[in-house]
Amino acid sequence: MDLRSALSIDPKNQTTQDAMRTLLTKTAEEASTKSPSVSALLVQSCSSTAHETESPATHNLANPDYRSRFEAAQRLAVLSKDSKIALQISRERGYQLLFTSFVSLRKKEGELPAPSLQVALLRILAHVCAAVTEFSGKTSPENNTKEMIAVGILESINNTNLNLILGQMDFASSAVAADMLSSLVLYCLPLMASNKNLQKSAVLIVGSFIRMLDSPLTPQDLGVACMNGLVKSIGDASSAITFFSSPSYYITVLSLVTSPHTKLGPLVPVALARFLEYLDETSSEKAKEALFVCISNWLEGSTQGDKTRGLLALSAVFMARVEIGTSMLVKDGVLESMMDIVEFESDEIQLATLNVLSNACSNQQCRTIISQRCIPYLKSLLTNKSAKLKTLAAAILIKIMFTDKEVESQLVRSTDSFTDHFSTIIQDDISDFNLKLNALESLVYLTTKPFHKEKVANSPRLLTALFSMIKKTEDRSAHYAIASIISNLVGYRRRLTDEEQQLQSLKKVAGEMPASNDESDSRNDESVVNKRIASVIKSGGIPALILAAKSSSPSTREVVSLSFVAMSTPKQSRGILIQQAAIPALLSLTQPSDTPTALYAAHSLAKIAITNDPNVAFNGSRAQSLIKPLLALLSSQHELQQFEGLLALTNLASMPSPDPRALLVSLNSLPIIENLQFSDNIMIRRAATELICNLLFDPVVFEKYANPETAANRLKIMIALSDVEDDLPTRKAASGALAIISSHPPAAAFLMEAHPRVVEVLVGLIKGEDDWEIVHRGIEVLKNCTEEEAVAKKLASNEEVVEMLQVLTKADIKEVRDGAVHTVKNLMQWKLL
């Protein structure tokens, strides 16, 4: 590639010329050292030959020069995925060459899809923009450079090149371009107050998104790309205020609720929610008023299209911010106007009206006024020929029924048929997807009731249809609904605290308990729930939950985690969870770690880890990946999570490999575990002691219990726990720990001085009134302590010790007998017997 052809990209642009000269010099230097050259690839990608510039016809892969550029660009597109390479390109001012070359190609070639040189250049440019707009939160020379580059790219946007960059034929490229431009706008938002050029470019970009969304000629995929770009571009309070202050902006977005493109309508509430979250109270009020005026005008319009648009826009506002939707619906005359002669309207308007009512039911105030005004109309639709109207009306009635006892009493006989109706819709492959969503949402409500839990759980065909549905759609609402239905089916009755049980007993005595109580219903008994869990697993519930666990929705992930906790409660289902690959899904749910979802997922992992051999179930590094989530359970406010977390960690700490123990100790877990030895809950105190006993095989922990500088209080606690009343397992664990510690001679000597009652406690162990395992542990401590003469003297001076040793040399249990014989020999060695 010669200098003349390289500099022919844009001979009038001095900045481009300087950048190219710099790159050519760097390329020559890199070529002389034969090192891989990003600069050389960049020069080759952006440099057109004189022959190429003469005719657009030569811009195809059959042309050797053009193909050479294309291959270089393709390679650089792959390399620039690495942010370090992308930043290298940006620092060498390569973004200017890329930008100029890409725009030049679009002018000459028109818009070409991949594989083409222009698409490869766009991808490189997108990678560069992604690298420079990556937020680090720190002030540094590198970040200052990134800012300068981002500003430079954004400032170069004008009307002419913006249309070329966005395009409208190659939807994949348009999506890349829209994301790139919106990322630049978002990154530069804090700088716009002091930079009018940035403001101008941002307004051009946002305006371009709006114009494309407003055009009926814009294809669906391009519309989605523009909507996503718009949502990203409105990224602070100032830009959100601008949006709601510009009628052409918010009216265009609201109008998309009636777009023929099915992917655009659902994005409207997402966009509104994003924009509204940036506003303070004053700005939010202004935005609410602007939205209401727009929606009211449509509702009062003379055409069916206007009224439908107004209703669906109001529904979108409810989905975006329920309190704003509520403030609109409760205004004088709004609901009355909606419901006036609604039964004589077209199905389209009735469906739009029902959508508003359905979304409004998430608010108590709205449920009340809907219950007062709309019940007769909703009940009349239950016999309507339209499956859509019937389904949505039934769904609304169910929502109202759960908060209005009078409505519940009126409809109690109908709910059985409701379940059958929704079941039919879900199992029907032909049913409209939105219809299925309404059926799913209704089943979420119904399956909170014991009768419907049993009805759904005992319908294998319905369960199979539900679980297969989650595989066929990426819709977040469907995933959440199905996960919620599973959670309702497999959930156990909440355990009452002691105080709650006492209060319930008092209410029963006073006759204040309700006649029917779902919580006390026998269909919520543990044995019945276990059968429902088995039914859900048999029908494919575990793979369905694993798919739902991949959702980006925090609510869905939390419900999935809760479901897994319930499904891992029966011991017989824990092995199935492992076999069906639930462990990786649960581990993914433990991140981020500071959420309820993470605790629920960790709790499920704990249940699985308690009863399965860790050497089989968690081989390799899998055991270590469980340590952090399980450790988090120990700091939970729920005692069951603490207890089962301790048991699971105890099991992992028993593995032959030292790695799980070492990792647990390295996470500063010992103080947490030791603190739980003081729990008022006997089970937690016992489990914590058992875990410490296993951790003593780790050198760091052993040192803390064997070193006099750190062991004093720890040994006192272990000695005390070796003598607790009515808690044999805790005595076993604590005395086992003493046996391990005393195997180190200096520690054995210190042990005998750690507690004034130590000899008395040891005598209590070897008397064996409770268990031979306790006796064995006591003998081991005595054997270890008599290895040193000074310690042996103290023990030999106690008549009970000597007497019991003589008795135990004839014990039936070999380990005890051998230990006693060894101890006696030690005493004889020191001539103490």
Side-chain angles (χ1 to χ4, degrees), residues 674 677-678 682 685-686 688-690 692-694 696 702 705-706 708 711-833:
E674 289 175 329
Q677 286 187 293
F678 296 97
I682 294 175
R685 185 175 67 197
R686 175 192 306 165
T689 306
E690 289 172 345
I692 292 172
C693 187
N694 279 4
L696 282 168
F702 186 87
Y705 278 82
N713 289 330
R714 290 184 166 99
L715 290 178
K716 283 180 182 178
I717 293 168
M718 284 298 182
I719 292 168
L721 290 175
S722 297
D723 193 40
V724 293
E725 296 181 1
D726 302 323
D727 189 4
L728 188 61
T730 299
R731 291 185 70 199
K732 286 182 182 179
S735 55
L738 294 180
I740 296 169
I741 296 165
S742 62
S743 63
H744 183 55
F750 184 68
L751 173 63
M752 297 306 298
E753 306 297 329
H755 196 288
R757 294 184 59 249
V758 62
V759 177
E760 182 183 338
V761 170
L762 292 176
V763 169
L765 293 175
I766 63 174
K767 277 187 174 180
E769 296 174 358
D770 301 306
D771 191 285
W772 279 107
E773 290 184 27
I774 287 284
V775 177
H776 183 210
R777 286 162 170 74
I779 284 292
E780 285 297 312
V781 177
L782 291 174
K783 182 185 74 175
N784 293 335
C785 289
T786 55
E787 297 290 344
E788 295 291 326
E789 182 178 5
V791 181
K793 283 182 179 179
K794 183 173 182 178
L795 290 171
S797 64
N798 187 290
E799 293 182 3
E800 279 192 287
V801 170
V802 175
E803 180 183 338
M804 285 304 305
L805 284 173
Q806 297 289 359
V807 172
L808 293 174
T809 57
K810 301 175 183 178
D812 295 333
I813 307 301
K814 183 179 185 301
E815 291 81 4
V816 173
R817 185 172 64 248
D818 290 348
V821 169
H822 191 123
T823 305
V824 169
K825 286 182 179 179
N826 285 343
L827 293 176
M828 293 175 67
Q829 173 188 343
W830 307 118
K831 299 181 178 168
L832 298 173
L833 283 182

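Within the model, atoms CG of L696 and CE of M718 stand 6.0 Å from one another, a figure rounded to the nearest 0.5 Å. Atom NE2 in H776 sits 12.0 Å away from atom CD1 in I774 (nearest 0.5 Å). The distance from the CG atom of D727 to the CZ atom of R685 is 5.5 Å, given to the nearest 0.5 Å. Rounded to the nearest 0.5 Å, atoms CG (L738) and CG (L782) are 11.0 Å apart. Of the inter-residue distances, the one linking R731 atom CZ with L765 atom CG reads 5.5 Å to the nearest 0.5 angstrom. Expressed to the nearest 0.5 Å, how far OG1 of T823 lies from CG of L805 amounts to 5.5 Å.
The side-chain heavy atoms of R714 and I692, taken from C-beta on, include no pair separated by under 4.5 Å. Residues F678 and I717 form a side-chain contact, since some pair of their non-hydrogen atoms from C-beta on lies under 4.5 Å apart. You'll find the side chain of L751 reaches within 4.5 Å of the side chain of I719, heavy atoms only. The shortest side-chain heavy-atom distance between K732 and L728 falls under the 4.5 Å cut-off.
V816 and A811 make their closest contact through CG1-CB, 4.0 Å (heavy atoms, listed as atom of the first residue, atom of the second, distance). Considering all non-hydrogen atoms of both residues, A733 and T689 come closest at CB-CG2, 3.7 Å. Residues H755 and K716 approach most closely at CD2-O, 3.9 Å, considering heavy atoms. Considering all non-hydrogen atoms of both residues, C693 and G736 come closest at SG-C, 3.9 Å. The heavy-atom pair separating A754 from L715 by the smallest distance is CB-CB, 3.8 Å. Of all heavy-atom pairs between C785 and M752, the closest is SG-SD, 3.9 Å.
W830 places a side-chain N or O within donor-acceptor distance of the main-chain N or O of T786, the cut-off being under 3.5 Å.
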Set out, in order, the CA-CA distance, both residues' side-chain angles and the distance that settles side chain to side chain contact (heavy atoms under 4.5 Å, CB included) for M828 and V824, then state yes or no. CA-CA 6 Å; M828 293 175 67; V824 169; 3.8 Å; yes

Test D812 against W772 for side chain to side chain contact (heavy atoms under 4.5 Å, CB included), laying out the working first. CA-CA 10 Å; D812 295 333; W772 279 107; 5.5 Å; no

Show your working on side chain to side chain contact (heavy atoms under 4.5 Å, CB included) between K794 and V791 and close with a plain yes or no. CA-CA 5 Å; K794 183 173 182 178; V791 181; 5.6 Å; no

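Sorted by first and then second residue, the salt bridge (Lys or Arg N to Asp or Glu O under 4.0 Å) pairs with a member in residues 777-788 read E773-R777, E780-K783; sequence neighbours excluded. Pairs engaging residues 816-829 under the salt bridge (Lys or Arg N to Asp or Glu O under 4.0 Å) rule: K814-D818 [sequence neighbours left out].
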